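Predicted model, so just to flag it, every value in this text is computed and none were measured.
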Amino acid sequence: MDDPELQGDEQILIRTQAVHVKSISFEAILTNKRIILIDRIKNLLPPKEILLATIKSVESGENAIRDLVITLGVITRTGGTRKMVLTFSREGGGNRIKERDEWIRQIREHLTPSFEQVIRKVIPGMETEKAPSQQAGPSRATK
């Protein structure tokens, strides 16, 4: 299977084999614009992609069997957030902490400056809506 087609100024930052999403093993490719998941083993699934602009949060951790994971909070098309877990399986018995940590560092480095800035552009007036409720809060606390 060929490499994914890159857009304009897009560059590949990291490629990693044996990254699992649910129980499916992918080659994960991180570019400066998106994460691309390619089913290289069975070649049954079309490539999946997650735009970095839709990532709200990035957390590191371990799953129940102590595989290293990255948990992404991804904004859905409907505006909600869903959790996506990338598992760095220990299939070969090796420790993959350096790989996982490099992924986290690179993702965070290439996220949009601030998730809130993106939301403010999408939902104009978001800050002006918060002001009245913040002012009402303290006045209710006094007796």
Side-chain angles (χ1 to χ4, degrees), residues 1-138 140-141:
M1 189 179 262
D2 296 328
D3 280 344
E5 193 171 309
L6 301 179
Q7 309 160 350
D9 60 347
E10 187 175 23
Q11 321 167 11
I12 293 176
L13 303 171
I14 309 173
R15 302 175 87 104
T16 304
Q17 299 294 323
V19 174
H20 291 78
V21 176
K22 298 186 180 172
S23 60
I24 302 166
S25 182
F26 292 97
E27 174 185 13
I29 300 172
L30 176 64
T31 76
N32 57 326
K33 297 192 180 290
R34 59 192 166 144
I35 297 170
I36 306 165
L37 301 170
I38 301 173
D39 173 16
R40 298 268 193 213
I41 296 172
K42 296 181 181 176
N43 293 322
L44 296 175
L45 299 171
K48 310 276 184 213
E49 60 180 59
I50 303 121
L51 298 176
L52 295 184
T54 65
I55 296 176
K56 181 177 180 180
S57 63
V58 182
E59 297 174 20
S60 65
E62 290 183 350
N63 64 14
I65 59 171
R66 306 209 60 187
D67 282 334
L68 300 171
V69 299
I70 297 173
T71 304
L72 303 173
V74 182
I75 304 167
T76 64
R77 289 186 179 149
T78 60
T81 303
R82 69 180 172 97
K83 184 167 72 168
M84 178 172 214
V85 179
L86 304 177
T87 303
F88 289 72
S89 173
R90 294 178 294 152
E91 290 174 341
N95 188 344
R96 301 183 68 186
I97 196 162
K98 287 181 182 176
E99 280 179 291
R100 192 254 339 245
D101 290 351
E102 180 64 11
W103 269 81
I104 291 170
R105 188 183 73 74
Q106 290 283 351
I107 290 170
R108 286 180 175 156
E109 191 174 301
H110 290 89
L111 287 180
T112 52
S114 162
F115 174 72
E116 285 186 7
Q117 289 174 356
V118 172
I119 292 300
R120 282 187 209 121
K121 289 178 186 174
V122 175
I123 307 171
M126 185 177 112
E127 285 186 287
T128 57
E129 290 177 19
K130 285 184 178 179
S133 63
Q134 289 173 345
Q135 291 170 356
R140 278 188 252 141

**Message:** side chain to side chain contact (heavy atoms under 4.5 Å, CB included) for Glu62 and Asp67? Distances and angles first, verdict last.
**Reply:** CA-CA 5 Å; Glu62 290 183 350; Asp67 282 334; over 6 Å; no
**For Arg100 against Gly61, the heavy-atom pair lying closest together** =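 So the minimum-distance heavy-atom pair works out to NH1-O, 2.9 Å.
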**Request:** Considering non-hydrogen atoms only, spot the tightest contact between Ser25 and Ile41 and give its length.
**Result:**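 Heavy-atom minimum between the residues: OG-CD1, 3.6 Å.
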**Asked** For residues Thr76 and Thr78, is any side-chain donor paired with an opposing acceptor at under 3.5 Å?
**Response**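 Distance-only check passes for Thr76 and Thr78.
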**Item:** Short N-O contact, Lys98 and Glu102, less than 4.0 angstrom
**Value:**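 No salt bridge links Lys98 with Glu102.
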Can you check whether [Y]'s main-chain N or O pairs, donor with acceptor, with [X]'s side chain at less than 3.5 Å?
{"X": "Asp39", "Y": "Phe26", "answer": "no"}
{"X": "Arg90", "Y": "Ile65", "answer": "yes"}
{"X": "Arg15", "Y": "Leu30", "answer": "no"}
{"X": "Glu10", "Y": "Gln7", "answer": "yes"}
{"X": "Arg40", "Y": "Ala18", "answer": "no"}
{"X": "Thr31", "Y": "Lys33", "answer": "yes"}

Flag side-chain contact, heavy atom, 4.5 Å: [X] against [Y]:
{"X": "Leu72", "Y": "Val85", "value": "no"}
{"X": "Met84", "Y": "Leu37", "value": "yes"}
{"X": "Arg96", "Y": "Thr16", "value": "yes"}
{"X": "Thr87", "Y": "Leu68", "value": "no"}

First locate atom [atom1] of [X], then atom [atom2] of [Y], and finally report the distance between them rounded to the nearest 0.5 Å.
{"X": "Leu86", "Y": "Lys22", "atom1": "CG", "atom2": "NZ", "answer": "12.5 Å"}
{"X": "Arg105", "Y": "His110", "atom1": "CZ", "atom2": "NE2", "answer": "8.5 Å"}
{"X": "Glu99", "Y": "Ile14", "atom1": "CD", "atom2": "CD1", "answer": "9.0 Å"}
{"X": "Arg77", "Y": "Thr54", "atom1": "CZ", "atom2": "OG1", "answer": "10.0 Å"}

**Message:** Determine whether Ile70 and Phe88 satisfy the following criterion, side chain to side chain contact (heavy atoms under 4.5 Å, CB included), listing intermediate values before the conclusion.
**Reply:** CA-CA 8 Å; Ile70 297 173; Phe88 289 72; 3.6 Å; yes
**Request:** Quick one: list whatever passes side-chain hydrogen bond (donor to acceptor under 3.5 Å, both in side chains) with Glu49, sequence neighbours left out.
**Result:**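 Counting only residues at least two positions away or on another chain, Glu49 forms a side-chain hydrogen bond (donor to acceptor under 3.5 Å, both in side chains) with Arg34.
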**Prompt:** In a check of side-chain contact (heavy atoms from CB on, under 4.5 Å) between Ile29 and each of Leu6, Ile35, Val19, Ile36, which one passes?
**Reply:**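 For Ile29, the side-chain contact (heavy atoms from CB on, under 4.5 Å) check succeeds only for Ile36.
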